[in-house]
Structures are given as C-alpha cells and as structure tokens.
> 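Questions regarding the structure given below will be posed in turn.
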There are 2 protein chains.
Amino acid sequence: MSEKRPLAALPSNGKAISISAVAEQAGVSIATVSRVINASKPVSADTRERVEAAVAALGYRANAFARSLTRGESRLLLVLVPDFANPFYSETVKGVASVVRRHGYNIVLAGAPDALAPDTGAPDALYSRLVDGVISLASLHDLQPAIRDMPDLPWVACSEFVEDGGMPHASIDHGQAALDAVQYLINRGHRRIALLGADESYVWARQRHAGYEAALKRAGIPLDAQLVRVARGTDYSLGMEAAGALLALESPPTAVFAVSDTLAIGAIKAFRRAGRRVPDDIAVVGFDNIPLAQVFEPALTTIAQPMFELGAAAARLLLERLAGGHPRSLTLQHALVVRESA
Amino acid sequence: MSEKRPLAALPSNGKAISISAVAEQAGVSIATVSRVINASKPVSADTRERVEAAVAALGYRANAFARSLTRGESRLLLVLVPDFANPFYSETVKGVASVVRRHGYNIVLAGAPDALAPDTGAPDALYSRLVDGVISLASLHDLQPAIRDMPDLPWVACSEFVEDGGMPHASIDHGQAALDAVQYLINRGHRRIALLGADESYVWARQRHAGYEAALKRAGIPLDAQLVRVARGTDYSLGMEAAGALLALESPPTAVFAVSDTLAIGAIKAFRRAGRRVPDDIAVVGFDNIPLAQVFEPALTTIAQPMFELGAAAARLLLERLAGGHPRSLTLQHALVVRESA
DNA sequence: CTGAAAGCGCTTACAG
DNA sequence: CTGAAAGCGCTTACAG
C-alpha cells in the first residue's frame, strides 16, 4: 500500500538526516548531540554551540519512533469519541486538546465504537501500544475486555464513567442535573412529562433517566412507560422520531426532558412541524448547553455542562496518572439555564 | 512529567512481553515470529501453529514504535482542522476517518493554527516526523514554510487548497457555488444583497467572495462595500455581530449570502432579535448544508457541500500518494438546496 | 522453511 | 564534559 520512505526529514539531496549526521557535522558523538537537544546533561558552551549550529544547518529533528522506543513513552494520547457530530463532544475535546498540548502531548482520535477492531473490540491504536494513555468519552461497556487486557495503560473517563469507581473520571452529577431539570418542569405545573433518553449503555444516560424518575416520584407523579422514549443516539433525527411517537400518544405530554440538546432540538423541530408551539403547547428542556442552545429558536432551556472544563479536567487527571499519581475523580458543577423552550 | 513505563503490554507479573518472549515460548527465532505475525514469508504449518499459540497465550502485540522504526512508516495520518466547533469539519473528518481506517491508518488530530508550535509554525507532530502524511482542512498560508521544509511528506488539502496547484486537493467549485447562491437571490428579485464572508486567509473564502461579486456584476448590480462584512471565523456569534452591523446601515440589505451555515444561523438569530422576519424582511442563504440546516427554524436555504465525500476523497488522494501515485485534484459537485430562509 | 545478524535512530548507564 | 557501547523491539536481507 504505502511507498517506502525514510523517516528522517530529507534535505534536497534525498539523504535522511539523523542524529549521526548532526554528530558528524558538529564533530562530536551522537551522545553529545542527544544531550544538547534534550538538555539532559551539561555540555560545554563551545560544544553546544557547534551542535546547535549543525542542527540548524541540517534542519534536524529527532525521530519520534526511535525516541519513543528508547524513552518508553510516545507522548500520544488516545481520545475516544462516540460521535463527532454532537457539539458536546467537540467542545469537550477542545478542552482536552488545550491542556494536553501544553504538556507536549498529541492526540490520536478514534471514533468509538466505530473504530474498534472487529476481533479485539479495541481501537488498533490501543493494541499496537502506540499511546501513553486514553481519555474516553465513549461507553466503556464494550471496552472492558480491552481495558483489562492492558492493566498498565492508564485510562480516564470524561462525562462517562464506570460505576465500580475503578477509573478516575471528570463528570457532573448526571442524576442530580436531570432531577433539577424535571423539577423545574414540575414547578412550572407540568405533570405529564416525557423523557427523551439516549443509548443506555452509557451510565450518564441511565443516571439521567434515574434522575427523571426520582423527580417524578418525589412529586408523587406516577411513572408512565409510554412517556419514556430511549433513542439510539443523539442525532437531531432521532429526536424528531421520538417526538413524533410522543405526539402520537392518546394523551401526549405537556413537557419533555431530553437528555441532550441535539435531541431536544430535533424534538422541537418535530413539534413545530406538527403545528405545536414550544413552549406554549409543549415545553422542552435539553441537556449540555451546546453553543447552539442559545442561538436556536426558541432558545433552549437546558442543563449546562462545563464542556471545555470537563475535557480539561479529564486531561489533567490523565496527566497526573502518567506522572505516577492516583488522582481522584472530579464532579464539576452543572446549572439549569432557563431560556425560551420551557 | 511521566512515569517510566515499559512499552510492551504487561502480563500480571509485570514483565514486558516482546517478540523475543514469543519466540522463546514457541521455541523459534524472532525472525520466524515476525514472519508469522506479518504473514510476510512462508512458514511451515507446524511452526506457525506453535507461534500463534504463543502469541495468543502471551497476548502479544507488536510494538508500534519498533515496527515504525524499521518499516519506515507509522500508519498515522495528521488531520489539520481549523475549528472543531463547526459541523462542517466534523462531518468531513468523519469521511476521512471512514476511508483511512479501512486501510489500517490512525488519525492524529491537530487544531490549526492553535496547535502550531510557536517556533516552527507547524504542529509538533509534523516536525517529529510522526505521521506518514497530512490532510489539511486548515488555511495553508501559514503552513507554507513547514510544507517546504519537508518535501518528502505528502500533503493533501480538503475543501481548502493552494492556488499554485502544487498540492492535490478535494474540493467543490467555491466560486461557482457562491455565484449560484447569489444568482438565486437575484432571481428572487433582491438587489441589495450583503456578503457575510469569513477569514480570507482561506482561498475558499476569497473564492466565495469573488463568486458573490461576479453574480452581482453579471446582473449589473453595483458593488457596495458597506454590504460586505468579513468575519474572523465562522462562530454563530460572529454571524450575529456582522448581521447587527448590516442592520445598522442607513439602507440595510434585503438579503444576505453567508459563506457558512453557522454564520447564516447567527445572522438569522440577530435579525429576529431585531424584530426582522426571515425570509420576509430579509432573506438568508447559507453554505455547507450541515445537518442542522434542515432542523433550524427557518430551515436554511443553502449550498450543499458533500462533506463526508469531500473528506473521503481527500483521504483517498493521500492514500494514492502514499502508494507512490500522483493523483489529480478532485472537484466534487455542490447543489443549491432551497428551504425556508430564502 | 529457518536462524543469526545487521540495522532502523535514538537514550543512557558506564568509563574516563 | 565527552565518547564507546549496549539496548529499546522490531524487519529483512543473507545464508543455509
């Protein structure tokens, strides 16, 4: 498939430039070159200058593979993202990227579960031991075997987590947040409140579901199974579908709590297509507070998650683990932001 | 910063498992192990079985660095993305990921220009020669020095490109697409048509701008500098700002052509906040046809770009280059999709 | 079909 | 402060 190409940068003459080329040009050993480029040991001023001149003249850069091989680290981190299309994930990844690159790490991105190898159930990048650690926004369920297979690889979860507490994570309190959202709806006088849920292989989805039920229970409102629709994902279209089903009920809800803004937006779209006014005929509260939430019309009443901070916090957790620490999981604050949709 | 960790997967006893461990366990040489795991040379059935058993028993996976070092390729591709928040980019990256991983490549993602090293003006991943090639969705302008520095590294552009034609790219005809959009507005009777442009370090932004002017010229409508607002990026908020400025004109436009859907959505938001109806008071056409375009209210009239296909095509271009080919640039089809906003 | 050995480009004790 | 050499974990001629 791929053309054989020397790894080193090629000056116009086509010859790979490696550490030995620099050493030769500077008239020193490769060990010395290594010491100056890494500032790992004292080198005389004179020698250092000669080496630096040679490096500059040749345009030398250390080969990442050789370096990783000897150092035992790649400074590459895997980020597992379920869905590039949901702005929640892009915002979060921005947070990860921001802290990680300040520490000299690069990000290898993989979509999960799409990128999971059929045989191993893990991303190729994992089993090739390419990365120093992983930050997962994906459902950890299917990844358990992979995680167990490589006990020395540090994992950290973001927004999502594993319930046994074995993996540090940065997250909000999903259950409480959902409870807050539904409580708000109840306070506004709603009693027929639907849940627009998402793939429950995610614990956040299960916890938000539980929060919804808790709020209802607390208010003495009986659960109605017809009022809960669990979507397979968070695409707008899935929100539309679920909303359509809700509308088809003999006794439709007067409010819906959607566990994601994208789902909420899809639902609103469907309601309006069906001639319902939001929030007058039916109120909708979302979850995440993606940038679009305040731009969409009607602007979304939603639970704000600190997306960027969640990513940044997860990244810091991983960095701490990489440094040999045993950081504790973090619960960040959420907030109900009331706008127009409910 | 980081804890020293052996590269190999560790069985519970903590000893790194490398190719020699497999060789020992199977009673063969490491060369033979290499041959069976890569299926690179014939190996007797008996030997193969013993090796495979050892691999399975030990849970052995080849070390990516050692492999890359000897093979001269990493099967890692760099994708340069300007803005994770714009769905246009996420959709496109999906297309890239889809073809690339089918060929055994992983993606290293970097935000440009954010991730550019201050000194070199290129992503660290580039100068460490970590990747086999790069697909750039970013503005190539600031990257020129980096590109020239490593003539052996294959680059491919997506949506964006360099005008001298030196780099294969997959793109639509931005000028024609913009012309189509503005022509549509003119056909609908508009004569005061504003341009909501984006950062013109991108050639797509300049070409869409040119298409706008061409359409006006062709219709004998004089250009009015007050009617063109060039935003720094494509955030919703920038669209809102620009729209506000347009509204402040003594003689505001009756229509606006926005070079991105996110900009268009921001503009619509601002118009409605100011009490204008879209499209009745002011028509808006966008660009990209992101998933949101049909969900937003009013649904966007926009130029559809084949986002996923653009990414997939760019990926194929790069794969061809990696295979030693010299692929020609591709121009994919765009289409005006008329919905509610104009 | 199989193995011993060189080599990929680095880093890092070990001597001096 | 500096160098010779071993070693990281692979792949691949070269012999047999």
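Worth saying up front: this structure is predicted, and the values here are computed from it rather than measured. Throughout, a chain's letter reflects where its sequence line sits, starting with A, and its residues are numbered from 1.
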> Take atom CD of B/Glu24 and atom P of D/dG9, then tell me their distance rounded to the nearest Å.
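In whole Å, D/dG9 P and B/Glu24 CD are 14 Å from each other.
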
> For B/Lys41 and C/dT2, what is the distance between atoms NZ and P respectively, to the nearest whole Å?
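Answer to the nearest Å: 13 Å.
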
> Which of the following nucleotides, D/dC10, D/dT2, C/dC10, is nearest to the side chain of A/Val43?
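The answer is D/dT2, which lies nearest to the side chain.
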
> Whom does D/dT2 pair with, Watson-Crick or G-U wobble, provided both distances fall under 3.5 Å?
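Matched D/dT2 with C/dA15 under the 3.5 Å cut-off.
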
> Would you indicate whether A/Glu52, at its atom CD, is surrounded by more than 12 heavy atoms from other residues, nucleotides or ligands within a distance under 6.0 Å?
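Atom CD in A/Glu52 is crowded, with more than 12 foreign heavy atoms closer than 6.0 Å.
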
> Ignoring the backbone of B/Leu69, work out which of C/dT11, D/dC10, C/dC8 is nearest its side chain.
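Of C/dT11, D/dC10, C/dC8, C/dC8 is nearest to the side chain of B/Leu69.
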
> Do B/Thr92 and B/Cys158 have side chains that get closer than 4.5 Å, going by heavy atoms?
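Heavy-atom side-chain distance check passes, below 4.5 Å.
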
> The side chain of B/Ala62 lies closest to which of these nucleotides: D/dC10, D/dT2, C/dT11?
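Of all the options, the side chain of B/Ala62 is nearest to D/dC10.
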
> B/Ser18 versus B/Asn63: any side-chain heavy-atom pair under 4.5 Å?
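B/Ser18 does not reach B/Asn63 side chain to side chain.
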
> Can you establish whether the number of heavy atoms outside A/Glu24 located under 6.0 Å from its atom CD is more than 12?
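Check fails, neighbour count at 12 or below.
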
> Report yes if a side-chain nitrogen or oxygen of B/Arg67 is closer than 4.0 Å to either non-bridging phosphate oxygen (OP1 or OP2) of D/dT11; otherwise report no.
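For B/Arg67, the contact criterion (side-chain N or O under 4.0 Å from OP1 or OP2 of D/dT11) is met.
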
> Rounded to the nearest angstrom, tell me the gap between atom CD in B/Glu73 and atom C1' in C/dC8.
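Roughly 14 Å, once rounded to whole Å.
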
> Looking at B/Asn63, does any N or O in its side chain come under 4.0 Å of the phosphate oxygens OP1/OP2 on D/dC8?
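For D/dC8, OP1/OP2 do not have a side-chain N/O of B/Asn63 under 4.0 Å.
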
> Quick one: is C/dG3 close enough that its OP1 or OP2 comes under 4.0 Å of any side-chain N or O from B/Thr32?
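Answer yes for this pair, as a side-chain N or O of B/Thr32 is under 4.0 Å from OP1 or OP2.
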
> In whole angstrom, what separates B/Ile37's CD1 from D/dT12's P?
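Going from B/Ile37 (CD1) to D/dT12 (P), I get 11 Å.
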
> Could you please name the option among D/dA4, C/dA4, C/dG9 that lies closest to any side-chain atom of B/Ser29?
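The nucleotide sitting nearest to the side chain is C/dA4.
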
> Please tell me which of the listed nucleotides, C/dG9, D/dG9, D/dT12, lies nearest to the side chain of A/Ile19?
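Nearest to the side chain of A/Ile19 among the choices is C/dG9.
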
> Can you find a side chain N or O atom of B/Ser34 that sits less than 4.0 Å from OP1 or OP2 on D/dC10?
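For D/dC10, OP1/OP2 do not have a side-chain N/O of B/Ser34 under 4.0 Å.
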
> How long is the gap from CG on B/Leu153 to CG on B/Leu78, to the nearest 0.5 Å?
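Between atom CG of B/Leu153 and atom CG of B/Leu78 there are 8.5 Å.
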
> So which one's nearest nucleotide on DNA chain C is more toward 5', B/Ala66 or B/Thr47?
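In this pair, the answer is B/Thr47.
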
> Report the distance from atom CZ of B/Phe65 to atom C1' of C/dG9, rounded to the nearest whole Å.
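It works out to 14 Å between those atoms.
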
> Of the nucleotides C/dC10, D/dG9, C/dT11, which one has an atom closest to the side chain of A/Ser18?
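Within the option list, the nearest is C/dC10.
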
> Taking CG from B/Asn38 and P from C/dC1, how many angstroms apart are they, rounded to a whole number?
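Taking atom P of C/dC1 as the reference, CG of B/Asn38 is at 16 Å.
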
> Output the single nucleotide from C/dC10, D/dT11, C/dA4 whose closest atom is nearest the side chain of B/Arg35.
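Closest nucleotide to the B/Arg35 side chain: C/dA4.
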
> Side chain of A/Thr70: nearest nucleotide among D/dT11, D/dC10, C/dT11?
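Nearest listed nucleotide: C/dT11.
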
> Can a side chain N or O of B/Ser44 be found less than 4.0 Å away from OP1 or OP2 on C/dT2?
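B/Ser44 to C/dT2 OP1/OP2: side-chain N or O found under 4.0 Å.
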
> Over all strands shown, is B/Ser20 touching base, sugar-phosphate only, or nothing at heavy-atom distances under 4.0 angstrom?
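Here B/Ser20 touches no strand at all.
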
> What's the CZ-C1' distance between A/Arg71 and C/dT12, to the nearest Å?
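It is 11 Å, rounded to the nearest whole Å.
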
> Report the distance from atom CD1 of A/Ile17 to atom P of C/dG9, rounded to the nearest whole Å.
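The distance from CD1 of A/Ile17 to P of C/dG9 comes to 10 Å, rounded to the nearest Å.
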
> If every non-hydrogen atom of B/Ser74 is compared with every non-hydrogen atom of B/Leu130, which pair is closest and at what distance?
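Nearest pair, atom of B/Ser74 first, then B/Leu130: OG-O, 2.7 Å.
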
